[in-house]
Participant: 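Attaching a single structure in structure tokens format; questions to follow.
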Amino acid sequence: MSSATQAGARPGSGSFTPPKAISGISTFMDDRTGAGSFLKRNLRKIFPDHWSFLLGEIALYSFVILLLTGTFLTFWFEPSMQEVEYTGSYEPLKGVHMSAAYASALEITFDVRGGLLMRQIHHWAALLFVAGMMAHMLRVFFTGAYRKPRELNWLIGLGLLTLSMVEGLFGYSLPDDLLSGAGLRITQGVLVSVPLVGTYLQFFLFGGEYPGDDVIGRFYSLHILIIPGILLALISAHMILMWVQKHTQMPGKGRTETNVVGAPFYPAFMVKSGAYFMFTFAVLAGLGTFAQINPIWLYGPYTPADISAGSQPDFYMGFLEGALRIMPAWEINIGDYTLALSVLIPALIPLGLIMTGAALYPFIERWVTGDNREHHIADRPRNNPHRTAIGVSVITFYGILWMLGANDEISMHFHISLFALSIFGRIAIFVGPAIAYFVTYRICIGLQRKDAEVLAHGVESGVIVRSPEGGYSEIHVEPDEDIAEHIRGKKEIPTLPSAEADGEGIPPKEARGPLGRLRVKLSRTYGTDLVPLPAKGEGHVNGEHAAVGAGEERKQLH
Amino acid sequence: MSERENTGTPEERVPHRVIGTPQPGAPAGVATAGEPDTPATLDGGVRELEPGTGVIYPDPASARRAERLVALLFLVAFLAGVGFIVSYVAFQVGDIDRTAVSNLALGGTMTVAFLALAIGLVVWVRRIMPKYNLVQERHPMASEPEVREEVSRIFAQGAQESGFLKHKLLRRTLLLAAAPLGLAPLVLLKDLGPLPEDKLRHTVWRKGMRLVVEGTGQPIRAADFNSPGGILSVVPEGYEHDLNALAKATLILIKLRPEQFKSGTNLNWTHDGIVAYSKICTHVGCPAALYEQTTNHILCPCHQSTFDAADGAKVVFGPAARPLPQLPITVDSEGYLVAQSDFQVPVGPSFWERGDAEAEVRGNA
């Protein structure tokens with residue numbers, strides 16, 4: 001090893017003797033575990049740097065904070081629906097009959113020091129956990145980081161997101177206040193609408209009729225034991241796979257599909273991660289301190305006979321709420337049975353479409369492009385315009401539903417007719433994603449042209465010169481090497497071999513039949529590069545460039 | 001983490017070394033035998049992109065200044081941490097104001113402590129630690145073909161040795177044994193709840209049961225509920241605190257002028273312009289608690305299903321597919337409002353076994 005010594009890069013290398021305190025422990029451990037060779041390979045593992053790679057970490061640290069604050073809450077929370085008379089400190093509810101669960105949630109709030117803080121941090125952390133996962137998922141999607149070999153981690157991630165939404169819904173129901181009861185009631189209404197087994201599911205989940213005496217205790221078991229356990233297992237698998245496969249990197253100087261460029265895990269990345277954990281904790285503590293969330297004492301105990309106007313779920317359930325709100329009143333009676341489409345469709349279709357679509361996307365993309373290679377360099381979103389457009393149209397679909405989950409609030413604050421808004425939603429849910437697709441696609445192509453122009457003509461220097469003839473032009477200079485390399489990292493999207501043929505002759509086997517023809521057509525559309533980059537050295541950055549007339553040049557790039 | 005990554009060599013396709021023979025090329029950790037242009041491998045199997053650029057230490061004077069800043073931040077974190085403990089002792093909870101102060105003190109110190117720590121760590125990384133630009137090789141995830149082949153041989157051999165393939169009786173009886181055990185957990189879950197039977201079809205309302213005001217429990221004298229446009233939330237007498245009963249039996253009681261009623265309302269089930277509808281929305285069961293006097297519309301605040309109280313609570317707008325069921329009411333000998341019977345159709349959200357109960361009622365009538 002000493003043969004590779006580099007001055008400056010390895011201070012203290014050569015014959016290095018660690019201090020006794022460390023060598024004692026490390027020898028003890030290595031003698032018994034053989035951890036040395038693992039550490040040798042992994043302590044200096046390289047992690048690439050990009051701000052967007054940290055989004056998933058927000059979710060990870062939020063999860064840790066959820067475990068810590070949640071454990072604190074369990075010390076006092078009583079998951080029971082037994083009716084008790086409130087005798088705690090909160091004056092306005094004294095003597096009111098309520099469930100033991102709600103009474104203990106009030107106790108945590110008003111009679112345990114730091115209880116309110118932990119409750120609020122727990123709730124904010126739950127929101128940040130899901131939001132962090134969503135942002136991370138979008139980053140992975142738009143950069144194509146789900147491609148081979150990372151499809152499994154993509155699927156694990158989808159499982160985590162879905163499970164977390166369920167976990168959040170259960171947690172939201174536990175305090176048994178009037179607001180959480182509204183969520184529970186909607187859950188029950190959706191459950192009974194399920195064909196064939198709906199009423200049975202309801203009776204088994206609630207231990208009989210709604211609301212019964214059992215559901216809080218059952219949700220509690222699920223919320224604090226089995227679901228967090230599965231989440232923890234999936235998160236561990238997610239991290240191990242990430243570690244084994246090494247992180248993707250953005251295109252740039254010296255970065256290839258067979259290397260990873262960045263900083264070593266120990267010490268730089270480790271301390272950075274620690275700092276990020278502290279930041280996440282600080283933000284959540286700050287929110288828990290200064291931004292009130294779920295003031296359950298204002299809502300009162302749950303009764304199925306009452307509700308407050310403007311009841312809203314947590315943000316990640318908002319799109320389901322919006323779907324329920326804009327759905328037309330469709331219900332079919334078949335013989336003696338009822339199919340409540342106005343509940344079933346919004347409860348199942350949007351989530352099903354997004355999750356199933358996301359789960360299949362890596363495999364459909366591979367089928368369309370015929371691309372079976374490993375990918376470790378992230379795509380810039382503009383360089384795969386169809387994928388990016390699909391992503392944005394899904395965001396639009398989700399966003400419209402999410403916005404309409406608050407249609408009553410929008411209607412009230414902006415003085416828009418509630419009915420008109422719902423009808424707008426019914427149309428927008430179809431038209432909006434289509435517009436988003438088209439606009440995004442054009443923006444991607446435009447950005448690609450800009451990239452090609454930077455390589456071909458350099459970047460504007462801001463210096464305008466006047467020629468002896470009196471014409472004005474702007475000096476263009478070569479782009480910075482880092483930027484040029486970043487742009488040149490663009491990868492061609494492969495197409496099927498049969499998609500490149502001009503249609504003459506006998507098509508190969510995979511291109512026959514309706515499915516085969518569709519595949520070829522998709523492949524051609526998905527993979528065709530409308531804006532190829534100029535080859536290295538092909539550009540003509542002559543120092544000067546006509547300020548007027550650049551538009552024509554741009555057209556030629558197409 | 002394969003053996004290949006251990007050595008960090010780019011020559012991945014070199015056949016695996018047979019144990020006991022010398023390793024080809026250089027000793028472990030030196031990646032570059034035969035490739036003089038590539039910078040040498042450093043400890044931990046990483047290299048520099050260009051010589052001298054991999055690990056660049058900051059200027060020592062700047063690092064010393066940064067150290068003072070980091071120390072200050074860590075000191076702030078220490079003080080805030082102490083402040084947290086002091087706040088815990090100093091500020092008690094109880095009423096809403098004291099809880100607010102305690103929350104502010106505990107949360108404020110906690111936020112400052114974590115924030116100062118976070119900033120301190122970042123300054124440490126950015127201004128005291130070196131700038132890194134190191135490279136590590138990636139290797140295809142797939143194992144070498146020989147390895148795969150060997151593993152499949154091992155599997156095949158193991159299967160052979162176990163006799164699982166050869167001994168049919170063993171295999172089949174094992175599968176047979178597993179089948180009921182796999183079903184057992186499902187069977188165990190049966191006692192989670194009773195069967196639905198027809199429980200969703202009925203409520204606690206009975207002939208002669210008094211309507212009482214939700215909250216106060218006062219029975220309602222028809223003569224006293226006499227202002228048109230009035231509305232009350234009503235529950236069955238004796239079930240004021242039974243949540244299971246209330247989840248189906250809660251009513252919304254509305255007084256209209258007789259000429260306002262349209263054909264949808266069954267006038268035989270009203271009393272002197274007083275009509276009672278189920279308060280449980282037929283969409284997903286929220287209480288339809290909002291009432292607009294000028295239009296006689298009942299609105300569910302959850303998903304905005306809107307019902308016309310003058311017309312049998314028919315759906316005017318929104319995702320609910322059916323009207324709110326009307327409870328037949330009348331007055332007893334003392335003039336108090338009572339139910340004539342239970343609802344004629346199931347209340348609340350639609351369920352699979354519900355069927356078109358309204359049509360059946362019409363058919364019987």
Side-chain angles (χ1 to χ4, degrees), chain A residues 1 3-4 9 41 43-44 46 89 110 113-114 116-117 149 185-186 189 192-193 195-196 198-199 203-204 207-211 246 254 258-261 263 268 271-272 274-275 278-279 281-282 285-286 288-289 304-307 309 324-325 327 329 331 333 336-338 340 342 376 418-419, chain B residues 1 5-6 29-30 40-42 44 46 49 54-55 88 93-94 99 102-103 106-108 110-111 114-115 117-118 121-122 125 129 132 134-138 141 192-194 196 199 214 243-244 246-247 250 284-287 289 301 303-304 315 317 319-321 349-352 354-356:
Chain A
M1 294 271 243
S3 63
R41 279 181 281 131
L43 277 177
R44 293 295 259 189
I46 298 300
S89 309
F110 290 111
R113 281 174 282 176
L116 175 63
L117 183 66
R185 179 84 225 205
I186 296 171
V192 287
S193 77
L196 291 171
T199 45
F203 273 71
F204 287 154
E209 290 204 72
Y210 177 84
K246 298 197 178 86
T258 55
N259 73 10
V260 49
V261 179
V271 178
K272 266 192 211 175
M278 293 297 112
F279 269 123
F281 218 145
T289 310
D306 286 317
I307 190 157
L324 276 171
R325 288 180 183 204
M327 183 67 199
E331 187 168 303
N333 289 305
D336 288 342
Y337 299 102
T338 298
S342 65
H376 301 290
L418 184 70
F419 297 170
Chain B
M1 296 307 117
E5 189 170 315
N6 188 5
V30 181
T41 303
L42 309 179
V46 299
L49 208 50
V55 184
Y88 188 85
V93 287
T99 305
S102 162
N103 190 59
L106 288 172
M110 194 178 184
T111 308
F114 284 126
L115 203 58
L117 264 183
L121 290 174
V122 167
V125 175
M129 285 193 200
Y132 294 97
L134 293 171
V135 188
Q136 197 168 35
E137 300 304 324
R138 286 182 196 275
M141 294 312 300
L192 274 174
K199 294 191 189 81
E214 189 208 343
L243 297 190
N244 284 11
L246 295 184
T250 308
V284 284
C286 292
H303 306 103
Q304 288 82 46
V315 182
F317 187 83
S350 297
F351 50 97
W352 174 246
R354 186 181 189 282
D356 195 351

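Throughout, protein chains are lettered first and strands after them, A, B, ... in sequence-line order, and every chain is numbered starting at 1. Only this structure's heavy atoms are used, side chains among them; waters, hydrogens and symmetry mates stay out. Nothing here was measured: the structure is a model prediction, and the numbers come from that model.
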Participant: Can you confirm whether B:Thr99 sits close enough to A:Phe110 that some side-chain heavy atom of one is under 4.5 Å from a side-chain heavy atom of the other?
Facilitator: yes
Participant: Measure across A:Arg44 and B:Gln136 and return the closest heavy-atom pair with its distance rounded to 0.1 Å.
Facilitator: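 That closest heavy-atom pairing would be O-NE2, 4.1 Å.
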Participant: Dump the intermediate steps for side chain to side chain contact (heavy atoms under 4.5 Å, CB included) on A:Tyr337 and B:Arg354, then the final yes or no.
Facilitator: CA-CA 6 Å; A:Tyr337 299 102; B:Arg354 186 181 189 282; over 6 Å; no
Participant: Counting only non-hydrogen atoms closer than 4.5 Å, does B:Ala320 touch chain A with its backbone (N, CA, C, O), its side chain (CB onward), both, or neither?
Facilitator: backbone
Participant: What pair of heavy atoms forms the shortest contact from A:Ala275 to B:Ala118, and how long is it?
Facilitator: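 For A:Ala275 and B:Ala118, the tightest heavy-atom pair comes out as O-CB, 3.5 Å.
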Participant: To the nearest 0.5 Å, tell me how far A:Met278 CE sits from B:Leu121 CG.
Facilitator: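 Here the rounded value is 7.5 Å.
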Participant: Shorter than 4.5 Å, heavy atoms on both sides: which option in A:Ala305, A:Ser342, A:Gly189 has the most such pairs with chain B?
Facilitator: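 Most heavy-atom pairs under 4.5 Å with chain B: A:Ala305.
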Participant: With a 4.5 angstrom heavy-atom cut-off, is it the side chain or the backbone of A:Asn333 that approaches chain B, or both, or neither?
Facilitator: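 The side chain, not the backbone.
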Participant: Provide the closest heavy-atom pair for A:Ala329 versus B:Ala321 in the form atom of the first, atom of the second, distance.
Facilitator: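 Distance-wise, the nearest heavy atoms are CB-CA, 3.8 Å.
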Participant: Would a distance-only check, ignoring hydrogens and angles, find a side-chain to backbone donor-acceptor pair under 3.5 Å from A:Arg185 to B:Ala247?
Facilitator: yes
Participant: Would you call B:Met110 and A:Thr289 a side-chain contact if the rule is heavy atoms closer than 4.5 Å?
Facilitator: no
Participant: Please find the pair of heavy atoms, one from B:Ala289 and one from A:Ile307, that lie closest to each other, and give the distance.
Facilitator: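 Looking at all heavy atoms of both residues, the shortest contact is CB-CG2, 3.9 Å.
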Participant: From A:His376 NE2 over to B:Met141 CE, what is the distance, rounded to the nearest 0.5 angstrom?
Facilitator: 7.5 Å
Participant: Quick check: does any side chain N or O of A:Arg325 sit under 3.5 Å from a backbone N or O of B:His303, one acting as donor and the other as acceptor?
Facilitator: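 Flag not set: sc A:Arg325 to bb B:His303 has no pair under 3.5 Å.
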Participant: I'd like to know which of B:Val46, B:Thr111, B:Leu106 tops the heavy-atom pair count under 4.5 Å against chain A.
Facilitator: B:Thr111
Participant: Between A:Pro304 and B:Leu243, is any pair of side-chain heavy atoms under 4.5 Å apart?
Facilitator: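 Heavy-atom side-chain distance check passes, below 4.5 Å.
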Participant: Identify which part of B:Phe317 has an atom lying under 4.5 Å from any heavy atom of chain A, answering side chain, backbone, both or neither.
Facilitator: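 Just its side chain gets close to chain A.
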Participant: With rounding to the nearest 0.5 Å, note down the distance linking CG in B:Leu134 to CG in A:Asn259.
Facilitator: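 One gets 11.5 Å once the value is rounded to the nearest 0.5 Å.
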Participant: Between B:Trp352 and A:Thr338, does the side chain to side chain contact (heavy atoms under 4.5 Å, CB included) criterion hold? Intermediate values first, please.
Facilitator: CA-CA 5 Å; B:Trp352 174 246; A:Thr338 298; 5.9 Å; no
Participant: What closest approach, in Å, do B:Met129 and A:Ala268 show between heavy atoms, and which atom pair accounts for it?
Facilitator: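 So the two residues come closest at SD-CA, 3.7 Å.
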Participant: Residues in side chain to side chain donor-acceptor pair (under 3.5 Å) with A:Thr199, at least two apart?
Facilitator: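 Partners of A:Thr199 by the side chain to side chain donor-acceptor pair (under 3.5 Å) criterion, ordered by chain and then number, come out as B:Glu353.
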Participant: Spell out, as yes or no, whether a donor-acceptor pair under 3.5 Å connects the side chain of A:Asp336 to the backbone of B:Gly355.
Facilitator: no
Participant: Against chain A, label B:Val135 side chain, backbone, both or neither, depending on which of its atoms sit under 4.5 Å from a heavy atom there.
Facilitator: both
Participant: Which bit of A:Ile186 comes within less than 4.5 Å of chain B, counting heavy atoms only: side chain, backbone, both or neither?
Facilitator: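 For A:Ile186, the contact with chain B is made by backbone and side chain together.
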Participant: Chain A heavy atoms under 4.5 Å from B:Ser350: which part of the residue, side chain, backbone, both or neither?
Facilitator: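 Both parts, backbone and side chain.
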Participant: Are any of the side-chain heavy atoms of A:Glu209 and B:Asn244 separated by less than 4.5 Å?
Facilitator: yes
Participant: Can you name the closest pair of heavy atoms from A:Phe279 and B:Val122 and give their distance?
Facilitator: CE1-CG2, 3.6 Å
Participant: Could you check B:Glu137 against A:Val260 for side chain to side chain contact (heavy atoms under 4.5 Å, CB included), going step by step and ending with a plain yes or no?
Facilitator: CA-CA 6 Å; B:Glu137 300 304 324; A:Val260 49; over 6 Å; no
Participant: Quick one, B:Pro194 and A:Phe203 - any side-chain contact, counting heavy atoms below 4.5 Å?
Facilitator: yes
Participant: What part of A:Pro195 gets within 4.5 angstrom of chain B, counting heavy atoms only: side chain, backbone, both, or neither?
Facilitator: both
